[in-house]
Trainee: 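So that we are looking at the same thing, I have put the structure below in structure tokens.
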Amino acid sequence: MAFKKELKILFIGDDIVLEGMKSDGFIDRLKKQMPHYNYIIKAVPGASMETLNQHFDLKIFKENFDCVFVMFSSLDLIKTRHHTLSTTDKMIRYHTNYQELVLSIFDSFTRYITLVEPFYTVNRSVHDVVRFAHQDRVYLTRSLAQEYRISMIALDGIMNEAQLNHYRRFVKNNGVLPTKRGHKLIYETIKSHLERWGIS
């Protein structure tokens with residue numbers, strides 16, 4: 001499939017998207033390896049799906065994008081780890097806002113949508129309260145992808161497997177943001193994803 005040169009690829013998210021724009025970050029690598037496309041970044045540090053409406057105007061999707069990648073980390077859980085609880089109220093708010101975001105993208109003329117699940121990788125007890133709250137988010141991301149038949153990148157599994165095999169080389173100590181090796185792995189994953197769509 002041939003794509004137009006002015007193809008527009010949107011990344012919407014939080015700190016992980018901003019990290020990806022830095023030198024050798026996954027977005028920086030995409031720009032260098034696939035420079036003929038137009039990359040649009042809509043990212044706010046400290047944003048989260050639970051506070052989506054405070055950070056983003058979903059009218060941005062009145063603009064036409066060819067591809068949209070939704071990438072929110074679990075950094076907000078780390079920052080509030082001492083009083084983070086996985087509650088039904090939080091799950092409902094996360095799901096409602098994520099669903100609203102997905103439907104806003106559907107209302108646009110976006111050709112390809114990909115939900116990138118957040119990852120959390122630490123060598124700690126299974127009783128880590130962040131792990132439980134994070135797993136709710138992974139579950140909801142996968143559920144929405146299945147419900148709306150949207151493409152998804154299972155980044156939690158990818159990063160945890162990489163960490164298990166190479167011990168803490170792919171993820172920073174906070175467990176939710178990638179190292180330089182991690183950025184390279186995310187870049188390779190997204191690039192393969194684009195190539196499956198015929199975008200390269």
Side-chain angles (χ1 to χ4, degrees), residues 9-34 37 39 41 43 45-49 67-81 84 86 94 98 112-146 150-200:
I9 301 176
L10 169 69
F11 284 88
I12 182 171
D14 64 346
D15 299 75
I16 191 169
V17 173
L18 295 173
E19 290 266 320
M21 294 174 63
K22 295 178 180 178
S23 178
D24 287 332
F26 65 91
I27 295 175
D28 182 58
R29 290 172 182 268
L30 284 169
K31 287 182 175 181
K32 290 175 180 175
Q33 296 299 317
M34 304 168 68
Y37 296 129
Y39 298 88
I41 308 301
S48 71
M49 194 60 70
C67 306
V68 173
F69 288 88
V70 181
M71 296 186 71
F72 284 86
S73 71
S74 286
L75 184 61
D76 59 306
L77 295 180
I78 299 298
K79 292 180 177 178
T80 60
R81 66 184 308 123
T84 292
S86 178
Y94 190 91
Y98 210 153
Y112 296 101
I113 306 169
T114 297
L115 307 184
V116 183
E117 68 183 21
F119 63 87
Y120 179 56
T121 305
V122 290
N123 296 305
R124 293 179 180 165
S125 165
V126 294
H127 297 295
D128 184 352
V129 66
V130 173
R131 167 59 63 185
F132 291 120
H134 169 77
Q135 285 303 122
D136 287 341
R137 295 180 174 191
V138 171
Y139 168 77
L140 290 173
T141 303
R142 295 178 180 180
S143 296
L144 283 169
Q146 183 176 24
I150 300 173
S151 177
M152 191 198 77
I153 294 178
L155 199 57
D156 190 61
I158 292 169
M159 298 304 278
N160 272 279
E161 182 178 2
Q163 280 289 86
L164 181 65
N165 292 336
H166 300 282
Y167 185 64
R168 298 181 69 82
R169 294 184 180 180
F170 289 83
V171 181
K172 293 182 179 180
N173 289 336
N174 61 21
V176 296
L177 293 175
T179 61
K180 186 173 289 189
R181 286 175 182 259
H183 277 286
K184 185 174 184 292
L185 179 58
I186 295 173
Y187 153 73
E188 291 170 347
T189 301
I190 292 177
K191 185 172 183 291
S192 296
H193 200 74
L194 291 170
E195 287 172 346
R196 284 198 295 273
W197 286 340
I199 304 172
S200 59

Trainee: I'd like to check Phe132 versus Gln135 (side-chain heavy atoms, cut-off strictly below 4.5 Å). Are they in contact?
Mentor: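 A side-chain contact under 4.5 Å is absent here.
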Trainee: Is any NZ, NE, NH1 or NH2 atom of the basic residue among Arg181 and Asp24 found under 4.0 Å from an Asp or Glu carboxylate oxygen of the other?
Mentor: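 Result for this pair is no, no salt bridge flagged.
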Trainee: Tell me the closest heavy-atom pair linking Gly25 and His183, and the distance in Å.
Mentor: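 Closest pair (atom of Gly25, atom of His183, distance): CA-ND1, 3.5 Å.
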Trainee: Tell me, please, which residues at least two apart from Phe69 pass ring pair (Phe, Tyr, Trp, His ring centres under 6.0 Å).
Mentor: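 With neighbours one apart ignored, the set is Phe11.
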Trainee: Applying side chain to side chain contact (heavy atoms under 4.5 Å, CB included), run through Tyr94 and Thr141 and close with a yes or a no.
Mentor: CA-CA 10 Å; Tyr94 190 91; Thr141 303; 4.2 Å; yes
Trainee: Hey, could you give me the CD1/CD1 distance between Ile113 and Ile150, rounded to the nearest 0.5 Å?
Mentor: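 The CD1 atom of Ile113 sits 5.0 Å away from the CD1 atom of Ile150.
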Trainee: Compare all side-chain heavy atoms of Gln33 with those of Tyr187 and state whether any distance is below 4.5 angstrom.
Mentor: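 Gln33 vs Tyr187: side chains touch.
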Trainee: Between Ser73 and Asp14, does any side-chain donor sit less than 3.5 Å from a side-chain acceptor?
Mentor: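 The answer is yes; a qualifying pair exists.
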Trainee: Between Arg29 (side chain only) and Ile186 (backbone N and O only), is there a donor and an acceptor less than 3.5 Å apart?
Mentor: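 Checking the backbone N and O of Ile186 against the side chain of Arg29, no donor-acceptor pair under 3.5 Å is found.
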Trainee: Given side chain to side chain contact (heavy atoms under 4.5 Å, CB included), test Leu194 with Tyr112 step by step and report yes or no.
Mentor: CA-CA 10 Å; Leu194 291 170; Tyr112 296 101; over 6 Å; no
Trainee: Between CG of Leu77 and CG of Asn174, what distance do you get to the nearest 0.5 Å?
Mentor: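 Here the interatomic distance stands at 11.5 Å.
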Trainee: Sequence neighbours left out, what passes salt bridge (Lys or Arg N to Asp or Glu O under 4.0 Å) with Asp15? Give chain and number order.
Mentor: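 Asp15: no salt bridge (Lys or Arg N to Asp or Glu O under 4.0 Å) contacts found.
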Trainee: Does any part of the side chain of Phe119, heavy atoms only, come nearer than 4.5 Å to the side chain of Gln163, both counted from C-beta?
Mentor: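 Side chain of Gln163 against side chain of Phe119, heavy atoms only: no contact under 4.5 Å found.
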Trainee: Could you list the residues that satisfy side-chain hydrogen bond (donor to acceptor under 3.5 Å, both in side chains) with Lys31, not counting sequence neighbours?
Mentor: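 For Lys31, no residue satisfies side-chain hydrogen bond (donor to acceptor under 3.5 Å, both in side chains) once neighbours in sequence are set aside.
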Trainee: Under the rule for side-chain hydrogen bond (donor to acceptor under 3.5 Å, both in side chains), what residues qualify as partners of Ser74, not counting sequence neighbours?
Mentor: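 Per chain and number, Ser74 pairs via side-chain hydrogen bond (donor to acceptor under 3.5 Å, both in side chains) with His134.
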Trainee: Applying side chain to side chain contact (heavy atoms under 4.5 Å, CB included), run through Met21 and Asp28 and close with a yes or a no.
Mentor: CA-CA 5 Å; Met21 294 174 63; Asp28 182 58; over 6 Å; no
Trainee: Could you give the distance from CG (Asn160) to CZ (Phe170), rounded to the nearest 0.5 Å?
Mentor: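 The CG atom of Asn160 sits 12.5 Å away from the CZ atom of Phe170.
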Trainee: Any side-chain heavy-atom pair from Ile16 and Phe72 closer than 4.5 angstrom?
Mentor: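 Counting from C-beta outward, Ile16 and Phe72 never come under 4.5 Å.
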Trainee: Does Val70 reach the side chain of Thr114, with side-chain heavy atoms less than 4.5 Å apart?
Mentor: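 Of all side-chain heavy-atom pairs linking Thr114 with Val70, none is under 4.5 Å.
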Trainee: Is Glu19 salt-bridged to Lys172, cutoff N-O under 4.0 Å?
Mentor: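 The answer is yes: the pair qualifies as a salt bridge.
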Trainee: To the nearest 0.5 Å, what is the distance between CG on Leu10 and SG on Cys67?
Mentor: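 Reported value, rounded in 0.5 Å steps: 10.0 Å.
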Trainee: List in chain and number order the residues that pass side-chain hydrogen bond (donor to acceptor under 3.5 Å, both in side chains) with Glu117, two or more places apart in sequence or in another chain; answer none if no residue qualifies.
Mentor: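 If we apply the side-chain hydrogen bond (donor to acceptor under 3.5 Å, both in side chains) test to Glu117, skipping adjacent residues, the hits are Arg142.
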Trainee: Any chance you could measure Arg137, atom CZ, to Tyr120, atom OH, to the nearest 0.5 Å?
Mentor: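 Separation between the atoms: 12.0 Å.
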Trainee: Here's a test for you: under side chain to side chain contact (heavy atoms under 4.5 Å, CB included), which of Ile153, Asp156, Thr189, Ile190 qualifies with Val116?
Mentor: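 The residue from Ile153, Asp156, Thr189, Ile190 that satisfies side chain to side chain contact (heavy atoms under 4.5 Å, CB included) with Val116 turns out to be Ile153.
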Trainee: Identify, with sequence neighbours excluded, every residue that meets side-chain hydrogen bond (donor to acceptor under 3.5 Å, both in side chains) alongside Glu161.
Mentor: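 Here no residue qualifies.
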Trainee: Answer yes or no: is there a donor N or O on one side and an acceptor on the other, between the side chain of Tyr39 and the main chain of Leu30, under 3.5 Å?
Mentor: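 Yes.
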Trainee: With a 4.5 Å heavy-atom cut-off, do Val171 and Thr179 have their side chains touching?
Mentor: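 Result no, sub-4.5 Å side-chain heavy-atom pair not found.
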Trainee: Just wondering, do Val17 and Ile12 contact through their side chains at under 4.5 Å, heavy atoms?
Mentor: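 Of all side-chain heavy-atom pairs linking Val17 with Ile12, none is under 4.5 Å.
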